[in-house]
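Below is one structure, written out as structure tokens; comments come after it.
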Amino acid sequence: MPTVCTSIRVSRDGQFILAAGTYKPRIRCYDTYQLSLKFERCLDSDVVAFDILSDDYSKLVFLHSDRYVEFHSQHGHYYKTRVPKFGRDFSYHYPSCDLYFVGMSSEVFRLNLEQGRFLSSLQTDAVENNVCDINPVHHLFATGSSEGRVECWDPRVRKRVGMLDCALSSLTEGTEVQHLPSVSALKFNGSLTMAVGTSTGQVLLYDLRSSQPLLVKDHFYNMPIKSLNFHEQLDLVVSADSKVIKIWNKDSGKIFSTIQPQANINDVCIYPHSGMLFTANEDSKMNTFYIPALGPAPRWCSFLDNLTEELEESPECTVYDDYKFVTRKDLENLGLSHLVGSSLLRAYMHGFFMDIRLYHKVKSMANPFAYEEYRKDKIRQKIEESRAQRVQVKKLPRVNQELALKLMEEGDDEAELASRKKKGKALPSILGDDRFKVMFENPDYQVDEQSEEFRLLNPIVSKVGQKRKKKLRLLAQQAAASQQADEDEEEPEGRASSEEESSDDDKSWVEEVREQRRLLRQEGRDRRRQERKEADRNTVLLETEQNGGEKTSNTAMSKKTSQPQFYQIKAGEEFRSFNDMAQKQKLQKASLEDRLKLEEHSETSNMADTAVGSKQLTFTLKKSEQQWKQQQAEQEHYKERKKLRRSAGHLSSSRGRGRGRRRY
């Protein structure tokens with residue numbers, strides 16, 4: 001519906017679903033065989049109640065809010081008439097073709113559809129009548145009044161045959177009465193059962209042979225009952241107020257199920273011989289609920305049975321409700337690794353289950369000050385929240401202060417630019433976005449300005465950072481001064497005087513990147529040189545520990561110097577001369593050919609010092625037999641050519657165009 005759906009009905013053949021709603025007032029018919037909207041008709045005024053007189057949609061009756069009664073046939077509008085008083089409900093008596101209208105009057109108006117005229121009305125003792133219904137078995141007519149009474153009439157003799165006082169019967173012990181309950185819903189079931197709903201939220205089940213209710217069911221919402229229906233297959237009552245739909249047993253009153261939609265309920269309709277419910281709500285969408293326990297799905301949506309079977313939950317209870325899942329790392333942190341394999345831990349997937357009480361006890365023993373830290377954090381948060389109500393000074397976060405200052409400056413520039421251009425508000429800053437709040441609170445997100453990536457991607461950060469550091473110091477001084485000042489004292493506004501533009505910002509970023517790369521290469525060389533020095537220092541022979549004690553006399557010193565000094569060699573090391581460092585530097589400056597010749601002529605093995613050790617591996621490729629034969633044949637062929645070669649220097653000729661001689 002465009003706005004609200006007021007009432008909903010299903011035809012007796014089960015093929016059509018009709019719903020009335022507003023705004024604008026209209027009626028919509030849905031065809032279940034085609035699963036689509038069949039037609040839509042707009043009306044002149046809101047529909048108070050409507051009913052389907054035929055098995056399909058060919059005969060419809062509408063009671064409007066402006067006292068009109070409108071009849072529709074299969075093609076559309078058929079006839080319209082008017083009742084003397086504003087109507088609230090009506091019922092159709094099939095044997096006599098009479099329509100009974102109740103409303104803001106003590107009379108019950110009868111309209112005979114066969115004769116096409118009003119008959120003599122029924123005079124009740126009530127001031128106003130709210131609802132009415134006709135028993136489908138013996139056609140007893142019942143009407144509910146605003147005084148909380150139900151009057152029953154026999155249509156054959158047009159006389160009242162009984163009266164029930166439901167207002168007094170609905171009151172139970174401990175019920176607070178604010179006003180007299182009125183009858184808001186009425187429904188027959190079979191020949192002897194009748195359900196009455198009151199405006200205070202109670203449902204009374206009566207046997208027509210008794211004046212006392214068999215059962216009183218309270219919704220506990222203190223809202224009028226809007227709809228009453230019976231589910232005959234399971235002997236259930238479906239009662240609904242504007243908040244909730246309750247399904248309960250009509251014999252014991254035990255709750256079977258409860259449905260609470262998001263929007264207020266206006267009407268409830270049960271699809272016959274199934275577990276499907278339709279609700280008319282204070283919303284544009286009409287809700288459909290399917291409860292497999294009530295019955296099977298209708299044949300036009302039988303696929304719901306397969307879906308519910310797949311989605312059916314197993315009734316098994318969870319085994320590990322009172323257990324805590326921990327991994328091996330958690331056990332090591334708690335010092336419980338020795339419990340692996342015992343009955344206190346149950347292996348599951350990549351960890352273990354342990355009793356939640358044992359976990360809390362060990363957790364409190366492992367970190368006894370966790371509660372104090374948590375309490376201090378909460379107090380700090382409360383203090384910061386209270387400080388937010390004071391006069392705000394430009395305050396920077398604890399983490400990534402330079403980045404926050406940069407974002408503040410950019411935000412101020414964007415705000416000034418937007419105000420000048422008058423194109424609207426500036427975009428929100430990252431500082432005010434909750435998604436990036438952790439970046440300025442968690443120290444793990446601190447930007448490392450000394451990393452290689454940061455220095456290469458931010459070539460101008462060194463120059464701009466100097467200005468920001470000055471501004472940071474200025475803001476820190478302002479914050480310290482604001483803490484000492486009174487809370488009501490306003491902070492002076494304005495920009496820091498240190499924000500002076502420098503001509504260095506006009507330099508090209510390419511030169512900055514080159515400079516940063518040169519510095520990085522220099523740092524890398526220094527780092528490698530330092531590593532080599534450390535490696536050489538570790539391989540130099542260590543002097544043995546000298547005898548302890550202080551040297552009190554010069555004679556003792558002379559004796560010690562005259563004695564030979566001993567050195568110890570660690571395991572895995574070999575003797576190295578002290579001049580090895582100079583030789584290594586010379587070798588690095590020499591060419592590859594000179595180094596190879598030096599290694600060939602040197603009798604001692606050449607050991608290369610690296611970060612992983614002083615090891616060198618040499619190997620030769622093994623040649624195949626065919627390669628050896630080919631190499632030997634080439635050498636023999638070279639020797640033969642060398643023997644047969646003759647000098648041609650004695651051959652010369654004076655002929656030719658040029659002055660010089662040519663050799664042939």
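These numbers come from a predicted model, not from an experiment.
- Put simply, the side chain of Arg328 reaches to within 4.5 Å of the side chain of Val340, judged on heavy atoms.
- No donor-acceptor pair closer than 3.5 Å links the side chain of Tyr271 to the backbone N or O of Phe278.
- Remark: side-chain polar atoms of Asp267 are not paired, donor with acceptor, to backbone N or O of Ser227 under 3.5 angstrom.
- A salt bridge does not link Lys246 with Asp241: every distance from a Lys NZ or Arg NE/NH1/NH2 to an Asp or Glu carboxylate oxygen is 4.0 Å or more.
- In this structure the side chain of Gln446 reaches within 4.5 angstrom of the side chain of Asn400, judged on heavy atoms.
- Between the side chain of Ser184 and the main chain of Thr198, a donor-acceptor pair closer than 3.5 Å is present.
- In plain terms, the two heavy atoms of Met276 and Pro298 that are nearest each other are CE-CD, 3.9 Å.
- Contact check for Phe256 versus Trp248: no side-chain heavy atoms found under the 4.5 Å cut-off.
- Checking each of Leu344, Leu331, Asp330, Leu345 against Leu336 for a side chain to side chain contact (heavy atoms under 4.5 Å, CB included) leaves exactly one that passes, namely Leu331.
- Judged by distance alone, the side chain of Tyr445 and the main-chain N or O of Val438 form no donor-acceptor pair under 3.5 Å.
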Could you please spell out the steps behind the side chain to side chain donor-acceptor pair (under 3.5 Å) verdict for Ser36 and Gln34? CA-CA 5 Å; Ser36 62; Gln34 302 297 329; 5.6 Å; no

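- Taking the side chain as every heavy atom from C-beta outward, Phe230 and Lys187 approach each other to under 4.5 Å.
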Can you list the steps and then say if Arg527 with Gln530 is a side chain to side chain donor-acceptor pair (under 3.5 Å)? CA-CA 5 Å; Arg527 193 183 306 111; Gln530 186 68 22; over 6 Å; no

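- Note on Asp355 versus Arg357: salt bridge recorded, some NZ/NE/NH1/NH2 to OD/OE distance being below 4.0 Å.
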